[in-house]
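Sequence positions, counted from 1, serve as the residue numbers for this chain.
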Amino acid sequence: MQHLQKLVIEAIETSQFPETPTNLYDPIRYILTLGGKRVRPVLTLMAAELFGMQEMEEIIPAAKAVEFFHNFSLIHDDLMDQAPLRRGKTTVHEKWDANIAILSGDGLLVKAYEEISKCNPVYLPATLRILSKVAMEVCEGQQLDMDYESRGSLLMEDYLEMIRLKTSVLLGGALQLGAILSGANEQQQQLIYDFGENVGLAFQLQDDILDAYGDPDTFGKIVGGDIIINKKTFLLVKLMEVIAPEDVPMMQHLLHATVEAVPTKVEDMLKLYDKYQVRKSADELKDVYTQRAFEKMSALDVPKERKEALLLLANNLLVRQQ
């Protein structure tokens, strides 16, 4: 994996953008230098390698397209959420302004399609179809996330569909692009897509769990941050689903309270989570998605040794403290 990560980082860091207008291209250069693990573009290369592709230079444009699209979505999501920081650095809309964030995000989306146009023309219709499908689904997921913020309650099936669209489809799509460009058939493409989507769902559930129960020294964010802002995570949605009538007033009191007004808000909500064993429910469902992912990988008709890198990455993503 490390050699593929190095290829991706080099490709992203050497990407050339025009000098002017500076307020369009400087934010693009800025967001791309904020780093991160580059998991999504690396997945594209890993899938190609899984299916026997050796010339990674042929896959790099698709990997860049995935990373450009991902960063387009981050710029716009940060603006919609009014987030001040991204990976510990000032967000684009805070460093410049909202209009610049919108335009530079749009520019990255266009650049994603420009990169896809550089892929092997034999596979161009298929790669365009997958990128467009995933891009639209991610937008749908973000819209649902915003719609659900104002809802008093939420069905679990709606929450799971939202996180599938917002988080998981891009992991699956990144893998499928690599599979397409290495000549995998449609059945194999679907299996590797399903592997990524299920890993993504398990990953998001793990994130929900860590936000409430993670170790502050290793988590990298404020533990209980989702509780503080009443974010609808699996834990909260499950609590709303199973809570007894006599505990509803306490839950509603905590949801309407600020940490300033109720300093024990996080601890009190965790007591409700523990009473109704919602963490156990999250762990169990995470295990279901993890098992599904590994079943999809097992069904792939490729040598076992080629699967090891992706299985290791999945394990690292799903057994983590940060």
Side-chain angles (χ1 to χ4, degrees), residues 1-20 22 24-75 86-92 95 104-105 107-121 123-124 127-128 130-131 134-135 170-184 192 196 199-200 203 220 306-314 316-317 320 322:
M1 176 188 165
Q2 288 184 335
H3 68 289
L4 299 180
Q5 194 171 35
K6 185 178 177 183
L7 274 177
V8 165
I9 291 171
E10 185 178 342
I12 300 296
E13 289 182 350
T14 58
S15 297
Q16 297 295 310
F17 300 100
E19 289 301 318
T20 57
T22 56
L24 177 63
Y25 291 113
D26 282 355
I28 289 176
R29 279 185 279 265
Y30 172 75
I31 190 78
L32 291 174
T33 61
L34 295 188
K37 298 183 181 73
R38 313 285 192 197
V39 169
R40 293 156 191 82
V42 170
L43 285 176
T44 302
L45 299 189
M46 292 180 81
E49 197 170 67
L50 176 74
F51 290 108
M53 174 61 75
Q54 295 179 334
E55 295 300 323
M56 285 297 125
E57 289 303 318
E58 291 186 31
I59 316 299
I60 286 292
K64 289 176 69 173
V66 167
E67 186 68 358
F68 288 174
F69 170 77
H70 178 54
N71 281 274
F72 141 76
S73 70
L74 296 182
I75 291 176
R86 164 67 59 184
R87 296 169 188 148
K89 300 290 180 64
T90 307
T91 46
V92 168
K95 190 173 175 65
S104 59
L108 263 176
L109 179 60
V110 174
K111 286 292 184 182
Y113 279 92
E114 184 179 83
E115 290 299 327
I116 280 289
S117 73
K118 299 173 185 176
C119 292
N120 187 332
Y123 302 116
L124 194 53
T127 53
L128 279 170
I130 292 303
L131 181 61
V134 167
L170 186 53
L171 296 180
L175 287 161
Q176 189 171 357
L177 285 171
I180 290 169
L181 291 167
S182 54
I192 196 64
V199 167
F203 180 86
R306 284 200 212 148
K307 301 178 182 181
E308 290 173 358
L310 271 170
L311 289 172
L312 179 62
L313 176 60
N316 288 340
L317 288 173
R320 71 194 211 281
Q322 55 187 1

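- Residue Leu177 holds its CG atom at 7.0 Å from CD1 of Ile130, rounded to the nearest 0.5 Å.
- The heavy-atom pair separating Leu317 from Phe203 by the smallest distance is O-CD1, 3.7 Å.
- Under the 4.5 Å side-chain criterion, counting only non-hydrogen atoms from C-beta, Leu109 is in contact with Phe69.
- The side-chain heavy atoms of Tyr30 and Thr90, taken from C-beta on, include a pair separated by under 4.5 Å.
- Scanning all heavy atoms of the two residues, the minimum distance from Ser182 to Ala47 falls at OG-O, 4.3 Å.
- Considering CG of Leu108 and CZ of Phe17, their distance stands at 6.0 Å, rounded to 0.5 Å.
- We find the CZ-CD distance between Arg29 and Gln16 to be 8.5 Å, quoted to the nearest 0.5 Å.
- None of Glu67, Gln5, His70 except one satisfies the side chain to side chain donor-acceptor pair (under 3.5 Å) rule with Arg38; the exception is Glu67.
- A 4.5 Å side-chain heavy-atom check between Ile60 and Lys64 finds at least one atom pair inside the cut-off.
- The distance from the CG atom of Leu171 to the OG1 atom of Thr44 is 10.0 Å, given to the nearest 0.5 Å.
- The two residues Val92 and Pro27 come nearest to each other via the heavy atoms CG1-CB, 3.9 Å.
- Asn71 has its side chain out of reach of Ile28: every pair of non-hydrogen atoms, C-beta onward, lies at least 4.5 Å apart.
- Surrounding NZ of Lys118 are more than 12 heavy atoms belonging to other residues, nucleotides or ligands, all under 6.0 Å away.
- Of all non-hydrogen atoms in Pro41 and Ala63, the two that sit nearest each other are CB-O, 3.2 Å.
- The heavy-atom pair separating Leu175 from Gly196 by the smallest distance is CD1-CA, 3.5 Å.
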Verdict with supporting geometry, Lys37 and Leu313, side chain to side chain contact (heavy atoms under 4.5 Å, CB included): CA-CA 12 Å; Lys37 298 183 181 73; Leu313 176 60; over 6 Å; no
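- Rounding to the nearest 0.5 Å gives a distance of 5.0 Å between CG of Leu131 and CD1 of Ile116.
- Between Arg306 atom CZ and Glu49 atom CD the span is 9.0 Å, to the nearest 0.5 Å.
- Side-chain contact check for Leu310 versus Ile192: some heavy-atom pair is nearer than 4.5 Å.
- For the pair Val66/Glu115, no side-chain contact is recorded, criterion being any heavy-atom separation below 4.5 Å from C-beta on.
- When side chains are defined from C-beta on, Phe72 does not count as touching Val110, because their heavy atoms never get closer than 4.5 Å.
- Residues Phe51 and Leu181 are not in side-chain contact: their nearest non-hydrogen atoms beyond the backbone lie 4.5 Å or more apart.
- The number of heavy-atom neighbours closer than 6.0 Å to NZ of Lys89, taken from other residues, nucleotides and ligands shown, is 12 or below.
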